[in-house]
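Keep in mind that the numbers below use all heavy atoms, side chains included, and drop hydrogens, waters and symmetry copies.
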Amino acid sequence: MVRRKPLVVVTRKLPDSVETRMRELFDAQLNLDDVPMDQAALVEAVRTADVLVPTLTDRIDSAVLSQAGENLRLIASFSNGVDHIDVASALNRGITVTNTPGVLTEDTADMTMALILAVPRRLAEGAQAVISDKDEWLGWSPTWMLGRRIWGKRLGIIGMGRIGQAVARRAKAFGLQIHYHNRRRLPTAVEEMLDATYWDSLDQMLARMDIVSINCPHTPATYHLLSARRLKLLKPEAYVVNTARGEVIDENALTRQLEAGELAGAGLDVFEHEPAVNPKLIRLAKQGKVVLLPHLGSATLEGRVDMGEKVIVNIKTFMDGHRPPDRVLPGML
């Protein structure tokens with residue numbers, strides 16, 4: 001008797017090699033047009049699928065999950081974070097949730113380091129001046145478009161997991177002094193390797209940093225972790241870099257401080273109401289005060305393929321009756 005292949009519904013276009021392998025292993029329903037599914041389409045997907053493969057832009061909330069069919073037993077998310085999924089509701093319905101941790105670490109850390117360099121050194125502003133039709137660049141000048149040195153400055157990392165530690169390794173090589181705040185203090189050996197100083201108090205760390213990098217996940221506990229009050233603790237010469245989730249910063253408060261000159265600048269790869277971008281941030285970017293990127297932190301072909309392979313392993317392991325390696329549990333959130 002031939003065993004029925006599980007129906008796997010994929011919500012977005014994935015790399016060709018990943019989709020091909022999914023077609024070989026599963027009854028895969030692909031989204032070749034890459035048009036994001038609306039709620040009605042997501043509801044239809046959970047009603048019919050054995051496995052749902054969403055991405056971070058698909059909101060799998062309790063309203064969607066309440067209409068899941070009896071066959072849906074696994075949500076294998078193509079993402080590192082799972083804040084787009086109501087994990088508690090899924091688990092209460094007997095649906096396992098998995099993600100793709102680890103494979104995005106180096107790519108996201110690279111992008112974080114790129115922004116740490118780009119904002120103080122005014123890279124985006126300078127690149128635009130070279131190609132501008134306004135003849136902004138007339139040749140080298142001793143005083144034109146001066147940025148700020150990063151060597152010797154203090155970097156405060158919020159969230160010292162895989163990505164935070166990868167950022168620390170890169171930043172240390174650039175001569176930055178590493179400080180961090182985390183739910184749990186790192187082992188002494190790791191701190192020594194990174195020359196990292198731990199701060200139990202986020203408030204105290206923020207007041208002393210030259211650059212702050214956000215590398216923690218978005219959870220209910222980290223929503224607006226950088227609140228208006230905490231942003232006020234930063235020095236006027238400080239820079240903020242965010243490659244994690246936009247919801248971790250009170251974006252309106254950040255914008256107000258940048259407009260008032262109470263912060264030196266910001267580098268943002270993520271936004272609080274993504275894909276919408278605050279028009280004031282766009283105006284600040286045109287003024288050279290911020291660098292804005294369209295969520296490129298993990299956007300490498302290698303990274304996306306690695307994510308897809310993790311999704312496949314999680315599905316295959318689950319369907320073979322074993323515990324998937326990247327199962328998400330409530331205690332992890």
Side-chain angles (χ1 to χ4, degrees), residues 77 79-83 87 97-117 150-223 225-226 230 233-234 238-245 247-249 269-270 297-298 302-303 306-307 310 313-314 323-333:
S77 189
S79 65
N80 186 38
V82 290
D83 49 302
V87 176
V97 178
T98 63
N99 62 343
T100 60
V103 295
L104 311 179
T105 299
E106 304 304 329
D107 295 331
T108 305
D110 284 345
M111 188 59 74
T112 304
M113 197 65 220
L115 286 172
I116 289 171
L117 288 165
I150 69 164
W151 185 89
K153 297 296 193 297
R154 293 187 176 94
L155 171 66
I157 298 173
I158 301 175
M160 203 62 147
R162 294 186 187 94
I163 295 173
Q165 291 180 44
V167 170
R169 290 194 299 271
R170 287 158 173 76
K172 179 184 176 185
F174 277 85
L176 285 152
Q177 298 178 41
I178 309 303
H179 297 251
Y180 77 99
H181 172 79
N182 200 47
R183 285 190 302 173
R184 299 180 184 86
R185 186 168 184 172
L186 297 176
T188 301
V190 177
E191 285 189 348
E192 291 176 352
M193 179 185 68
L194 298 173
D195 287 336
T197 300
Y198 172 68
W199 292 84
D200 179 68
S201 167
L202 176 58
D203 288 4
Q204 290 185 16
M205 184 184 82
L206 290 174
R208 294 163 171 81
M209 297 299 105
D210 301 300
I211 303 168
V212 172
S213 176
I214 298 172
N215 299 104
C216 62
H218 172 224
T219 68
T222 63
Y223 175 75
L225 184 66
L226 258 66
R230 283 200 168 115
L233 298 174
L234 292 167
Y239 299 90
V240 174
V241 169
N242 189 6
T243 57
R245 285 290 188 270
E247 295 90 340
V248 179
I249 301 181
D269 187 42
V270 290
S298 61
E302 295 89 344
D306 288 346
M307 290 172 71
K310 266 192 172 284
V313 169
N314 283 320
R323 178 181 298 177
D326 301 309
R327 186 174 58 153
V328 177
L329 300 174
M332 300 164 59
L333 304 177

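Every side-chain contact (heavy atoms from CB on, under 4.5 Å) that Ser77 has, sequence neighbours left out, goes to Pro54, Ser79, His84, Ile85. Residues that satisfy the side-chain contact (heavy atoms from CB on, under 4.5 Å) test with Gln204, not counting sequence neighbours, are Trp199, Ser201, Arg208. Evaluation of the side-chain contact (heavy atoms from CB on, under 4.5 Å) rule for Pro324 yields Thr96, Thr98, Asn314, Phe318, Arg327 as partners, not counting sequence neighbours. Residues meeting the side-chain contact (heavy atoms from CB on, under 4.5 Å) test with Leu117, sequence neighbours left out: Met113, Ile150, Phe174. Residues passing the salt bridge (charged side-chain N to carboxylate O under 4.0 Å, His left out) test with Arg230, sequence neighbours excluded: Asp203.
One finds the CD1 atom of Ile249 at 11.0 Å from the OG1 atom of Thr222 (value rounded to the nearest 0.5 Å). Note that CE of Met307 is 4.0 Å distant from OG1 of Thr100, once rounded to the nearest 0.5 Å. To the nearest 0.5 Å, atom CE of residue Met160 and atom NE2 of residue His179 are 10.5 Å apart. Considering CG of Asn182 and OH of Tyr198, their distance stands at 7.0 Å, rounded to 0.5 Å. Of the inter-residue distances, the one linking Tyr239 atom OH with Lys153 atom NZ reads 8.5 Å to the nearest 0.5 angstrom. Taken from CE in Met111 to CG in Leu115, the straight-line distance is 7.0 Å, to the nearest 0.5 Å.
At a threshold of 4.5 Å between non-hydrogen side-chain atoms, the residues Leu225 and Leu202 count as touching. Within the 4.5 Å cutoff, no side-chain heavy atoms of Val241 are placed close to those of Ile214.
The shortest heavy-atom contact between Ala171 and Leu155 is CB-CD2, 3.5 Å. Taking each heavy atom of Asp107 and Ser298 in turn, the nearest pair found is CB-CA, 4.1 Å. Contact record, Asp83 with Arg245: OD1-NE, 3.4 Å, taken as the closest heavy-atom pair. Minimum heavy-atom separation, Pro101 to Asn80: CA-OD1, 3.2 Å. Contact detail for Ala244 and Cys216: the closest heavy-atom pair is CB-O, 3.2 Å. Of all the heavy atoms in Val103 and Lys310, the pair that sits closest is CG1-CE, 3.6 Å.
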Problem set entry | Derivation of the side chain to side chain contact (heavy atoms under 4.5 Å, CB included) call for Gln165 and Ile157 | CA-CA 9 Å; Gln165 291 180 44; Ile157 298 173; over 6 Å; no
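Within a 6.0 Å sphere centred on CZ of Arg154, other residues, nucleotides and ligands contribute 12 heavy atoms or fewer.
Looking only at atom types and distance, the side chain of Thr112 has a donor-acceptor partner in the side chain of Thr243 under 3.5 Å away.
A donor-acceptor contact shorter than 3.5 Å is absent between the side chain of Thr108 and the backbone of Thr105.
Screening Asn242, Val248, Leu206 against Ile158 for a side-chain contact (heavy atoms from CB on, under 4.5 Å) leaves a single residue, Leu206.
Between Arg162 and Glu106 there is no salt bridge, since none of the side-chain N atoms of the basic residue sits less than 4.0 Å from a carboxylate O of the acidic one.
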All N/O donor-acceptor pairs, side-chain side in residues 187-197, below 3.5 Å, sequence neighbours left out:
unit_1 : atom_1 : unit_2 : atom_2 : d
Glu191 : OE1    : Arg185 : NH2    : 3.2
Glu191 : OE2    : Tyr180 : OH     : 2.6
Glu191 : OE2    : Arg185 : NE     : 2.8

